[in-house]
Amino acid sequence: MILDLDIGNTLSKWRLKDTASSEIRSRGAVWTREEWRPGADIPDLDVVEAVRISSVARQTVLRETVGLLRRQVGAVYVARSTSEALGVTNGYGNPGRLGVDRWMGVLAGYHLAGGCCSVDCGSAITIDFVLPGGRHLGGYILPGLRLMKESLQLGTRNVAIDPDSEADELLAPGKNTVEAVNHGIFMAAVSAVNRIYSEVCDREGVALPLLLTGGDARVVSRGIRVPHALWPDMVYGGLEACFPLTAAERAGKLSGAPRVPSPVALEKIRAGLAFSMLL
Ligand SMILES: Nc1ncnc2c1ncn2[C@@H]1O[C@H](COP(=O)(O)OP(=O)(O)O)[C@@H](O)[C@H]1O
Ligand SMILES: CC(C)(COP(=O)(O)O)[C@@H](O)C(=O)NCCC(=O)O
Ligand SMILES: [K+]
């Protein structure tokens, strides 16, 4: 078995992948601030031959996790943001500073779709662009839905947006504090993604496939006006592409990859931008 770890600022996600069949056998998540210790929701390390890790948590969390795993598992691969990988050049002036979860998402997106916009809706919402040909442009970081809600301190933190709400409902003015906050942060997130996607496609003269991942991807997806695809395992996809271990991975097949969404024509994106300027 392969243990894949995606340690974010809120949740440490794990999944077990069968080395022979490439199937996902189990998955789970623990709060990042909790100690990572086998037992409870954590898989039994006896069956694990290799571990792949993407971590944006504090250095000490990664160090402790790697230390624990190295004692019990033969091969531990830790992903790093580099200046170039798999045909993509990192757009940051200091490439190592790019969050490795963003780098994994960009590499997975490029592997699947070629040039793309990859959006990760987690503790933070990150929006990254890579052009056909592999030039990563850099990206945008804004607070995630939960962070936005907590920063308001209006006692609404425990009332999450129902991911099954219709976009129309979420667009409407709130009739109480919970609604006003939930609709407000929803609009902040989706407006940013819609606008940034259109602006960058316009600037670069290319309509890019749009891919979404992260804990709030389903909610944000409700308000995205252009074709896009959800890829919950996108960060894991970057780990698979960087450290291929199974036959399917070596053949370039990333698990859970969606069908590549066909973007709308650039003219339409530009027309939408022009229209929003007139309002
Ligand atoms: N069951 C859940 N538990 C915690 N957070 C959740 C859950 N479902 C959705 N979320 C949302 O997802 C976010 C965490 O998403 P995730 O992509 O795991 O973030 P990170 O990678 O930053 O840890 C939270 O900030 C919250 O808004
Ligand atoms: C922006 C992030 C906090 C997002 O992390 P997440 O929301 O997935 O926990 C993370 O990618 C990070 O720490 N990045 C380093 C700063 C940067 O990318 O510029
Ligand atoms: K994120």
Side-chain angles (χ1 to χ4, degrees), residues 4-15 27-34 36 41 53-62 65 78-83 88 90-109 117-130 136-152 156-165 170 178 181-186 188-190 192-193 196 210-223 230-239 256:
D4 288 322
L5 285 176
D6 169 11
I7 303 180
N9 285 295
T10 303
L11 294 174
S12 298
K13 281 79 63 184
W14 61 267
R15 69 171 197 187
R27 55 171 82 231
V30 290
W31 295 104
T32 295
R33 60 178 175 276
E34 280 164 20
W36 214 86
D41 192 33
I53 306 176
S54 163
S55 173
V56 294
R58 282 176 295 115
Q59 274 297 320
T60 49
V61 174
L62 179 63
T65 308
V78 180
R80 304 262 174 231
S81 293
T82 54
S83 59
V88 182
N90 191 320
Y92 262 30
N94 185 345
R97 294 283 181 175
L98 178 71
V100 70
D101 54 347
R102 295 173 59 193
W103 186 232
M104 292 299 104
V106 163
L107 295 180
C117 171
S118 62
V119 177
D120 188 334
C121 309
S123 313
I125 296 172
T126 58
I127 306 168
D128 277 274
F129 290 87
V130 56
H136 170 242
L137 299 176
Y140 303 79
I141 302 173
L142 50 147
L145 295 180
R146 191 187 172 94
L147 266 180
M148 285 196 240
K149 190 181 298 192
E150 285 179 0
S151 67
L152 288 169
T156 55
R157 57 186 293 168
N158 292 324
V159 193
I161 299 174
D162 175 0
D164 294 322
S165 315
L170 294 170
V178 165
V181 168
N182 278 345
H183 296 193
I185 61 175
F186 173 77
V190 302
V193 176
I196 289 169
L210 175 57
L211 299 166
L212 254 56
T213 194
D216 288 317
R218 271 184 66 212
V219 171
V220 172
S221 162
R222 295 257 157 199
L230 296 185
W231 188 0
D233 279 7
M234 189 153 72
V235 172
Y236 291 137
L239 289 174

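Start at 1 and go down the list; that is how both ligands and their atoms are numbered. Quantities reported herein were computed from a predicted structural model and do not represent experimental measurements.
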Is there a side-chain contact between [X] and [Y], using heavy atoms and a 4.5 Å cut-off?
{"X": "T213", "Y": "S118", "result": "no"}
{"X": "W14", "Y": "D4", "result": "no"}
{"X": "I196", "Y": "V119", "result": "no"}
{"X": "R102", "Y": "D120", "result": "no"}
{"X": "V193", "Y": "I127", "result": "yes"}

Q. Could D164 and R218 be called an ion pair, given the rule that one side-chain N must be under 4.0 Å from one carboxylate O?
A.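 A salt bridge is present here (some side-chain N lies under 4.0 Å from a carboxylate O).
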Q) Below 4.0 angstrom, N of the basic side chain to O of the carboxylate: do K13 and D101 qualify? A)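 Salt bridge between K13 and D101, a charged N being under 4.0 Å from a carboxylate O: no.
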Q) Is there at least one protein heavy-atom neighbour under 4.0 Å from atom 24 (C) of ligand 1? A)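 Looking at atom 24 (C) of ligand 1, one finds that a protein heavy atom does lie closer than 4.0 Å.
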**Q.** Verify atom 11 (C) of ligand 1: protein non-hydrogen atom under 4.0 angstrom away
**A.**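 Looking at atom 11 (C) of ligand 1, one finds that a protein heavy atom does lie closer than 4.0 Å.
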Q: Determine the sole option in N9, V61, V235 for which the side-chain contact (heavy atoms from CB on, under 4.5 Å) test with V56 is passed.
A: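 Going through the options one by one, the only one that passes is N9.
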Pick from [options]: the one approaching [atom] most closely through a non-hydrogen atom:
{"atom": "atom 10 (C) of ligand 2", "options": "D101, N94, D216, V235", "answer": "D101"}
{"atom": "atom 15 (C) of ligand 2", "options": "R146, R58, R97", "answer": "R97"}
{"atom": "atom 14 (N) of ligand 2", "options": "G99, G105, G8, A124", "answer": "G99"}
{"atom": "atom 19 (O) of ligand 1", "options": "A160, G214, G122", "answer": "G122"}

Q) Short N/O distance, under 3.5 Å, between R102 and ligand 2? A)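 By distance alone, the answer is yes.
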Q) Can you find a side-chain donor-acceptor pair between T60 and R58 that sits under 3.5 Å? A)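 Side-chain D/A pair, T60 to R58: present.
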Q.
Holding to side chain to side chain contact (heavy atoms under 4.5 Å, CB included), I want the full list of residues that pass it with R157, two or more places apart in sequence or in another chain.
A.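 In terms of side chain to side chain contact (heavy atoms under 4.5 Å, CB included), with neighbours along the sequence ignored, R157 is linked to E150.
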At what distance is the nearest protein heavy atom to [atom], and which residue and atom is it?
{"atom": "atom 8 (N) of ligand 1", "answer": "G215 O, 4.3 Å"}
{"atom": "atom 13 (C) of ligand 1", "answer": "D216 OD2, 3.9 Å"}
{"atom": "atom 2 (C) of ligand 1", "answer": "L11 CD1, 4.5 Å"}
{"atom": "atom 21 (O) of ligand 1", "answer": "K13 NZ, 2.8 Å"}
{"atom": "atom 13 (O) of ligand 2", "answer": "V56 CB, 4.1 Å"}

For [X], atoms of ligand 1 separated by under 4.0 Å from a heavy atom:
{"X": "G8", "answer": "20 (P), 21 (O), 23 (O)"}
{"X": "S123", "answer": "19 (O), 20 (P), 22 (O), 23 (O)"}
{"X": "W31", "answer": "4 (C)"}

Q) Should you measure from each heavy atom of L98, which atoms of ligand 2 turn up under 4.0 Å away? A)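 Close to L98: 18 (O).
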Q. Which of the atoms in ligand 2, numbered in the order shown and given with their element, are less than 4.0 Å from a heavy-atom of Y92?
A.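 By the 4.0 Å cutoff, the relevant atoms are 17 (C), 18 (O), 19 (O).
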**Q.** Donor-acceptor contact below 3.5 Å, side chain S55 vs main chain L62
**A.**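 Not a single qualifying donor-acceptor pair exists.
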Q: Assign the ring pair H136 / Y92 to parallel, tilted or perpendicular, where the plane angle (0 to 90°) is split at 30° and 60°.
A: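 H136 vs Y92 ring planes: tilted.
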Q: Go through the steps for N90 and T82 under the test side chain to side chain contact (heavy atoms under 4.5 Å, CB included), then give the verdict.
A: CA-CA 7 Å; N90 191 320; T82 54; over 6 Å; no
Q. Would Y140 and I125 count as a side chain to side chain contact (heavy atoms under 4.5 Å, CB included) if you check the C-alpha gap in whole Å, the side-chain angles of each, and the deciding distance to 0.1 Å?
A. CA-CA 8 Å; Y140 303 79; I125 296 172; over 6 Å; no
Q: Is it possible for you to check whether R15 lies under 6.0 Å from the centre of the six-membered ring of Y236, through NZ or CZ, and within 45° of that ring's axis?
A: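 Yes; both conditions hold, so R15 lies above the ring face of Y236.
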Q.
For the K ion (ligand 3), which protein N/O/S atoms fall under 3.4 Å? Skip waters.
A.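 You should have found D120 O, D120 OD1, A124 O.
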(Q) Does only the side chain of T126 get under 4.0 Å from ligand 2, or the backbone, or both, or neither? Count heavy atoms. (A)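 Side chain only.
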Q: Answer side chain, backbone, both or neither: which part of N9 comes under 4.0 Å from ligand 2, heavy atoms only.
A: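 Contact part for N9 vs ligand 2: both backbone and side chain.
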Q) Taking it one step at a time, do I185 and I161 satisfy side chain to side chain contact (heavy atoms under 4.5 Å, CB included)? A) CA-CA 10 Å; I185 61 175; I161 299 174; 4.3 Å; yes
Q: Mark the output for L145 as yes if a heavy-atom distance to ligand 1 is under 4.0 Å, and as no if none is.
A: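 The answer is no, since L145 has no heavy atom less than 4.0 Å from ligand 1.
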